Structures are given as C-alpha cells and as structure tokens.
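Order of appearance sets the numbers: ligands from 1, and atoms from 1 within every ligand. Since this is a predicted model, take the numbers as computed values, not measurements. Nothing fancy with the numbering, it's 1 onward along the sequence.
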Amino acid sequence: MTQRPPILVTRAVFPEVVASLREHFDVETNDADDIWTPAQLIERLQGKVGALTSGAERIDAALLAACPELRIVSNLAVGYNNFDVPAMTAAGVLGTNAPDVLTETTADFGFALLLATARRLTESEHFLRAGQWKKWGLDLFAGADVHGATLGILGMGRIGQAIAKRAAHGFDMPVIYHNRSRLDSATEAKLDARYVSKNELLQQADHLMLVLPYSAESHHAIAAAEIALMKPTATLINLARGGIVDETALVAALRDRRIAAAGLDVFEGEPKINPALLTVPNVVLTPHIASATLKTRRAMAQLAADNLMAYLTKGAALTPVNAGLIKPR
Ligand code: DGY
C-alpha cells in the first residue's frame with residue numbers, strides 16, 4: 001500500500017470530519033483537545049505536509065523553518081490573524097481560511113449580543129437570580145432601543161453586510177458603515193447602508209458593531225480617543241478580535257459611563273479575561289461563540305478539511321488566502 005501523506009489536526013474536531021480526512025491522509029489528532037505550546041506544535045508537525053488549525057496557533061517564520069515538509073495550513077476560522085502570511089508565502093506554504101459558511105450564524109449572534117447589551121439582558125438576569133428583585137419598577141433595567149436606532153458597522157465584509165441586512169430590513173435601523181474600501185453603489189443601495197468616515201461613524205452610531213479583520217493596522221482601532229467620540233448612550237459590540245479594542249480604555253469608559261454598555265465575544269489575550277472587565281456591570285461577555293451553532297461549526301470544520309484534501313490531492317484549495325503568491329515547496 002502506498003503511504004498516505006501525513007497531516008496534523010491540532011484540536012479535537014467532529015469525528016466525521018476526521019473520518020473524511022482519513023480517506024486520504026495519515027491523520028494525527030489531538031483527541032484530548034490539549035492546548036500545545038509552540039514547541040509542542042512544532043514537534044507534532046515534524047514530517048507533516050498539512051495541518052488543520054483552530055485559528056489560535058501562530059504560524060510564523062520560526063515554525064515554518066522548523067517544519068520543512070509543511071505545505072498547507074488550513075484554519076478552521078474565517079479570521080487568519082494567526083498566520084504570518086508573508087512568511088508563509090516566502091516559505092511556499094499555502095494558508096486557507098473558512099469563510100462564508102459562518103456568515104449568517106455570526107450575524108445572528110451579532111444581533112443577539114447587541115440586543116442583550118442594549119436591553120441589559122445578562123445584568124438583569126444576574127439581579128433576578130441573586131434574589132434582588134423585590135418589586136416591578138418603571139425604569140428597572142431600562143435600556144436602549146435597538147429598532148430604529150442608528151447602527152454603525154466598522155468593517156463591511158460578508159459578516160458586516162449580513163448584519164446590515166438584518167438591521168435595515170428587520171429592525172428598521174439606519175445603517176452607516178466605514179470600511180477600508182467603499183462598497184459599490186448597487187450593494188450600498190441593496191443594503192440601505194451609507195458610507196461615512198470613521199469619525200462620523202463613531203459620532204453618529206447609537207450602536208457600533210466591530211466586524212473588521214485584525215491586523216497591525218486594526219490593533220486598538222477603538223481606544224480612548226475613539227471612545228471619546230462616541231455618544232454617551234452608545235453601545236459597542238465586538239465580534240471580530242479582542243486586539244481591536246483597547247480593553248483598559250474600554251473598562252474606564254464603561255465605569256465612567258462615557259458609553260452606556262459593551263458586548264464582547266472576543267478578548268485581548270483570550271481565553272484569559274482582563275479581570276477589570278469582570279468588575280463592570282454594563283458589559284456582556286461571551287466566550288468567542290459567534291459562529292457556534294453545531295451546524296455551522298461542522299460546516300467550518302468540513303471546509304477546513306476540504307481545503308486540505310483539495311490542495312494536497314488536486315493542487316488547488318477552495319478558499320486560499322495566499323494562492324497565486326506562493327511558489328509551492
Ligand atoms: C472565525 O472564524 O474567525 C471566528 O472568530 C472563530 O474563530
């Protein structure tokens with residue numbers, strides 16, 4: 001029997017996805033779902049031609065130099081800020097991500113987090129569970145309306161557009177957005193979304209949703225100066241990556257009520273949480289679950305596996321991030 005190419009799956013994934021990989025590859029899995037150090041990852045990657053990663057493993061020049069057989073790293077995530085793309089390209093290693101399949105699920109969650117934050121859902125539930133509810137009150141946990149309020153979207157890719165669609169057509173919200181590149185006028189008209197400068201976005205939004213990719217340029221895109229431009233009644237929702245928001249500045253702003261509330265699904269240094277965030281009541285915190293429905297997580301895992309199969313068996317991946325740039329190893 002000819003030897004199958006060896007690959008590594010770095011985290012526990014659905015058995016049927018592993019089974020589909022086993023039809024083509026010699027697969028090493030991590031059934032215990034341990035979090036490996038960079039050195040442990042390098043050790044397990046020895047001799048492997050492909051890796052299916054969760055999106056948290058750093059793929060940089062040092063790792064690539066230590067793993068000369070590696071040809072493709074397939075992220076089970078749409079975000080790929082864990083990839084040093086220039087280093088991968090220089091090393092001839094293809095990177096792939098998992099777009100599209102999570103768009104609608106993530107947009108749903110954006111609204112869940114926005115509604116929970118604006119309507120003080122978790123704060124009021126904690127109050128009730130703690131036995132503190134003694135009487136109904138006219139302004140008890142009175143929050144902010146979502147319907148009809150102006151939604152600002154920073155980052156207008158697929159997920160931003162799916163959120164805009166819900167906002168304009170489901171919640172009757174005027175939608176403004178800022179993005180590196182402006183949408184064409186037909187798409188803007190279809191979404192009923194208006195392009196504004198970043199400062200206008202910050203100043204005009206009643207609710208601000210962050211859905212932009214994380215990079216050196218977007219690091220702390222929302223810090224003290226940006227928060228200072230926001231309305232004191234505004235809410236801030238981060239679905240993208242923790243590093244986009246300066247959490248220290250956000251905690252100070254939430255404490256001083258310089259903005260009304262925040263909803264965060266992602267954190268700087270997650271899964272560790274800045275302890276100060278846990279002390280402010282006007283923030284809703286969730287553990288990076290925006291794309292977490294079983295159906296969607298299965299589809300993401302299968303797409304990540306399909307990328308490995310397509311590239312290693314046919315030479316072309318389905319959703320590459322640096323194809324055309326690399327000279328394959
Ligand atoms: C993504 O796909 O990038 C989500 O944030 C899950 O990691």
**Message:** Go through it in stages, so that I can follow the logic: the residues are Glu268 and Asn274, the test is side chain to side chain contact (heavy atoms under 4.5 Å, CB included), and I'd like the CA-CA distance, side-chain angles, deciding distance and then a yes or no.
**Reply:** CA-CA 8 Å; Glu268 291 192 278; Asn274 178 341; 5.9 Å; no
**Item:** Evaluation steps, side chain to side chain contact (heavy atoms under 4.5 Å, CB included), between Tyr311 and Thr96
**Value:** CA-CA 10 Å; Tyr311 189 60; Thr96 63; over 6 Å; no
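Contact annotation for Thr106 and ligand 1: no heavy atom of the residue comes within less than 4.0 Å of the ligand.
With ligand atoms numbered from 1 in the order given, ligand 1 contributes 2 (O) to contacts under 4.0 Å with heavy atoms of Met300. Distances below 4.0 Å separate heavy atoms of Leu102 from the following atoms of ligand 1: 2 (O).
Here the heavy atom of the protein found nearest to atom 7 (O) of ligand 1 is His288 NE2, 3.3 Å. When only non-hydrogen protein atoms are considered, atom 1 (C) of ligand 1 lies nearest to Val78 N, 3.4 Å.
Residue Asn199 qualifies as enclosed at atom CG: its count of foreign heavy atoms under 6.0 Å is above 12.
Between Arg241 and ligand 1, at least one N/O pair is under 3.5 Å apart.
A donor-acceptor contact shorter than 3.5 Å links the side chain of Asn82 to the backbone of Glu57.
Between Phe171 and Phe111, the two ring planes are parallel [angle under 30°; tilted spans 30° to 60°].
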